[in-house]
Amino acid sequence: MRISAVQMNATDSYVDNLNTMKSLTELAVSCDRPDLIVFPEFCTFISTSPEKMRNHAELIETGTTSIAISDLARRHSVNIHLGSIVELRDNKLYNTSVIFNREGNIVAQYSKIHRFDITLPDGTEVRESALVEAGCDVVVINIEGVKVGLSICYDLRFGELFRKLEQLGADVIVLPAAFTQQTGIDHWEILIRARAIETQCYVVGAGQIGSYDNGAGHNFGHSLIADPWGIIIAQAPNREAHITAYVDLAHLHAIRAALPVRSHRVLV
């Protein structure tokens, strides 16, 4: 399987973001012919204002974004992981990923389990729990013979989720993100590589880059793909772009056979 991770600088312009997603999809397909394209967290709309984010919440099945991405997947015959949007469900909001197959059908959804409630090093408080509810389901989906585990951004800090995804058979774990500049500079790469080493899975980090809301928010970027040995096999430049890597299941199984940590575990 060939996987492309898209890095983009989303803003509070829904139309501009969707056009960027379409153009970057076309570029990835024409250059690399991926089997799966992964977008970042909050790829269609991002703002530091909870009110603005709430106003752009959508239903998954019939929302404008799902209709557009379904058409994009079908038109290019490619599986698309819609990084995440604010989902409206049962009068509650969730930070939700959606996967579309080559025919444009929804085949999986995942709502972010761990919400980003922290104080950044500069004293800025972020409270994702004021916007969305926590998800509860751990999701692994079989995409054309490759088992893909789903996570979103802050989930990266919780190794127990990644362990559960591995136990459910994941070969690849995808991580759409809007990792802040302040945390990403020290933690993004090392955490992705650690999760890849611990789970012996490929980990695909598709990140937002750049500023939004006139500089009120700034995302780290540095999208990357790590193999099951923790080696970075693709990394994005410091701009909107896509990166592509080949998921080699034979390589994955060779690593797991040579270093059989699963059979050595004592604490589970």
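No hydrogens, no waters, no symmetry mates; every other heavy atom, side chains included, goes into these values. Throughout, numbering of the chain's residues begins at 1 and tracks the sequence.
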S.K.: Applying side chain to side chain donor-acceptor pair (under 3.5 Å), name anything that partners R115, two or more places apart in sequence or on another chain.
M.R.: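 With neighbours one apart ignored, the set is empty.
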
S.K.: Side-chain contact, heavy-atom cut-off 4.5 Å: R2 with R33?
M.R.: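 A side-chain contact is absent here, since even the closest heavy-atom pair is not under 4.5 Å.
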
S.K.: Should I99 and I113 be regarded as members of a common hydrophobic cluster, given that ILVMFWY residues are connected when their side-chain heavy atoms come within less than 4.5 Å of each other, either directly or indirectly?
M.R.: yes

S.K.: Using only atom types and a distance under 3.5 Å, with no angle test, would you say the side chain of D213 pairs donor to acceptor with the backbone of T48?
M.R.: yes

S.K.: Would a 4.5 Å heavy-atom cut-off, applied to side chains only, mark Y14 and T65 as touching?
M.R.: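 In contact.
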
S.K.: Taking the side chain from R195 and the backbone from L156, do they hold a donor-acceptor pair closer than 3.5 Å?
M.R.: yes

S.K.: Between L175 and S151, what is the shortest heavy-atom contact and its length?
M.R.: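 Heavy-atom minimum between the residues: CD1-OG, 3.2 Å.
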
S.K.: Let me know which of V98, V138, V139 forms a side-chain contact (heavy atoms from CB on, under 4.5 Å) with Y110.
M.R.: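 Running side-chain contact (heavy atoms from CB on, under 4.5 Å) over V98, V138, V139 with Y110 returns exactly one hit, V139.
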
S.K.: Restricting to salt bridge (charged side-chain N to carboxylate O under 4.0 Å, His left out), what partner residues turn up for D71, sequence neighbours left out?
M.R.: R74, R75

S.K.: Could you walk me through whether E51 and R54 pass the salt bridge (Lys or Arg N to Asp or Glu O under 4.0 Å) test, one step at a time?
M.R.: CA-CA 5 Å; E51 182 180 2; R54 290 188 195 99; over 6 Å; no

S.K.: Would you please say whether a donor-acceptor pair under 3.5 Å links the side chains of S47 and D12?
M.R.: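 Absent: no donor and acceptor within the cut-off.
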
S.K.: Kindly compute the distance separating CG (L93) from CD (E58), expressed to the nearest 0.5 Å.
M.R.: 11.5 Å

S.K.: Is the side chain of Q182 donor-acceptor paired with the backbone N or O of D122 at a distance under 3.5 Å, no angle test?
M.R.: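 Pair found, side chain donor or acceptor close to backbone of D122.
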
S.K.: To the nearest 0.5 angstrom, please state how far the CD atom of E189 sits from the NE2 atom of H222.
M.R.: 8.5 Å

S.K.: Are the side chain of S223 and the backbone of G207 linked by a donor-acceptor contact shorter than 3.5 Å?
M.R.: yes

S.K.: Checking the side chain of S97 only, and the main-chain atoms of G83 only, is there a donor and an acceptor separated by less than 3.5 Å?
M.R.: yes

S.K.: Do V78 and F100 share a hydrophobic cluster, counting only Ile, Leu, Val, Met, Phe, Trp and Tyr and linking them when any side-chain heavy atoms are less than 4.5 Å apart?
M.R.: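 Yes: a chain of side-chain contacts under 4.5 Å links V78 to F100.
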
S.K.: Search all heavy atoms of L18 against all heavy atoms of A68 and return the closest pair with its distance.
M.R.: CD2-CB, 3.8 Å

S.K.: As an exercise, state the distance from OG of S49 to CG of L131, rounded to the nearest 0.5 Å.
M.R.: 9.5 Å

S.K.: Quick one: do F162 and L191 satisfy side-chain contact (heavy atoms from CB on, under 4.5 Å)? Show the steps, please.
M.R.: CA-CA 11 Å; F162 283 68; L191 282 171; over 6 Å; no

S.K.: Apply the test side-chain contact (heavy atoms from CB on, under 4.5 Å) to residues T62 and I67: give CA-CA distance (whole Å), side-chain angles for both, the deciding distance (0.1 Å), then the verdict.
M.R.: CA-CA 7 Å; T62 58; I67 293 170; 5.6 Å; no

S.K.: Taking Q208 for its side chain and E41 for its backbone only, find out whether a donor-acceptor pair lies under 3.5 Å.
M.R.: yes

S.K.: Given K112 and Y94, is the side-chain contact (heavy atoms from CB on, under 4.5 Å) satisfied, shown in steps?
M.R.: CA-CA 7 Å; K112 188 177 183 181; Y94 297 86; over 6 Å; no

S.K.: Any idea which heavy atoms bring M8 and C43 closest together, and the distance?
M.R.: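 Minimum heavy-atom separation between M8 and C43: CE-O, 3.4 Å.
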
S.K.: Determine yes or no for a side-chain-to-main-chain donor-acceptor pair under 3.5 angstrom, with S66 supplying the side chain and E61 the backbone.
M.R.: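 The answer is no, because no donor-acceptor pair under 3.5 Å joins these two groups.
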
S.K.: Out of the candidates D35, I80, I143, only one should pair with R102 under the side-chain contact (heavy atoms from CB on, under 4.5 Å) rule; please name it.
M.R.: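 Single pass found, and it is D35.
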
S.K.: Got I118 and T183 here, is their nearest side-chain heavy-atom distance under 4.5 Å?
M.R.: yes

S.K.: Which heavy atom of I37 sits nearest a heavy atom of A28, and at what distance?
M.R.: CD1-CB, 4.3 Å

S.K.: Please round to the nearest 0.5 Å and tell me the distance separating atom CD1 of I185 and atom NE2 of H187.
M.R.: 10.5 Å

S.K.: Any heavy-atom pair between the side chains of L82 and T96 that's under 4.5 Å?
M.R.: no

S.K.: Check whether any side-chain heavy atom of L165 lies under 4.5 Å from a side-chain heavy atom of T199, and answer yes or no.
M.R.: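 Sidechains of T199 and L165: no contact.
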
S.K.: Is there a path from V126 to V132 through hydrophobic residues (I, L, V, M, F, W, Y) whose side chains come within less than 4.5 Å of each other?
M.R.: no

S.K.: Taking the side chain as C-beta and beyond, is there a heavy-atom pair between H76 and E26 under 4.5 Å?
M.R.: yes

S.K.: Rounded to the nearest 0.5 Å, what separates atom CD in E103 from atom OG in S77?
M.R.: 7.0 Å

S.K.: Just verifying a value: how many Å separate N238 CG and F220 CZ, rounded to the nearest 0.5 Å?
M.R.: 8.5 Å

S.K.: Which residues pass the side chain to side chain donor-acceptor pair (under 3.5 Å) test with R89, sequence neighbours left out?
M.R.: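 Per chain and number, R89 pairs via side chain to side chain donor-acceptor pair (under 3.5 Å) with E87, S111.
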
S.K.: Between V86 and H56, is there a side-chain heavy-atom distance shorter than 4.5 Å?
M.R.: no

S.K.: Does D32 reach the main-chain N or O of P34 with its side chain, forming a donor-acceptor pair under 3.5 Å?
M.R.: no

S.K.: Looking only at side chains, do D117 and S129 share a donor and an acceptor under 3.5 Å apart?
M.R.: yes

S.K.: Closest approach of P228 and I255, non-hydrogen atoms and distance?
M.R.: CB-CD1, 3.9 Å

S.K.: Where do N219 and Y212 land on the side-chain contact (heavy atoms from CB on, under 4.5 Å) test, with the steps shown first?
M.R.: CA-CA 9 Å; N219 290 315; Y212 58 97; 3.4 Å; yes

S.K.: Go through the steps to decide whether N95 and Y154 satisfy the test side-chain hydrogen bond (donor to acceptor under 3.5 Å, both in side chains), and finish with yes or no.
M.R.: CA-CA 11 Å; N95 184 351; Y154 192 49; over 6 Å; no

S.K.: Answer with yes or no whether the hydrophobic clustering places I106 together with I69; edges join I, L, V, M, F, W, Y residues whose side-chain heavy atoms lie under 4.5 Å apart.
M.R.: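 Yes, because I106 and I69 connect within a single hydrophobic cluster, where side-chain heavy atoms sit under 4.5 Å apart.
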
S.K.: Y202 side chain to D248 main-chain N or O, any donor-acceptor pair under 3.5 Å?
M.R.: yes

S.K.: Taking a hydrophobic cluster as the set of Ile, Leu, Val, Met, Phe, Trp and Tyr residues connected by side-chain heavy atoms closer than 4.5 Å, whether directly or through intermediates, do V204 and I152 fall within one such cluster?
M.R.: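 V204 clusters together with I152.
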
S.K.: Looking at V261, is its backbone amide N or carbonyl O close enough to the side chain of Q200 to form a donor-acceptor pair, meaning the two atoms are under 3.5 Å apart?
M.R.: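 Flag not set: sc Q200 to bb V261 has no pair under 3.5 Å.
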
S.K.: Going by heavy atoms in the side chains, are L150 and V174 under 4.5 Å from each other?
M.R.: yes

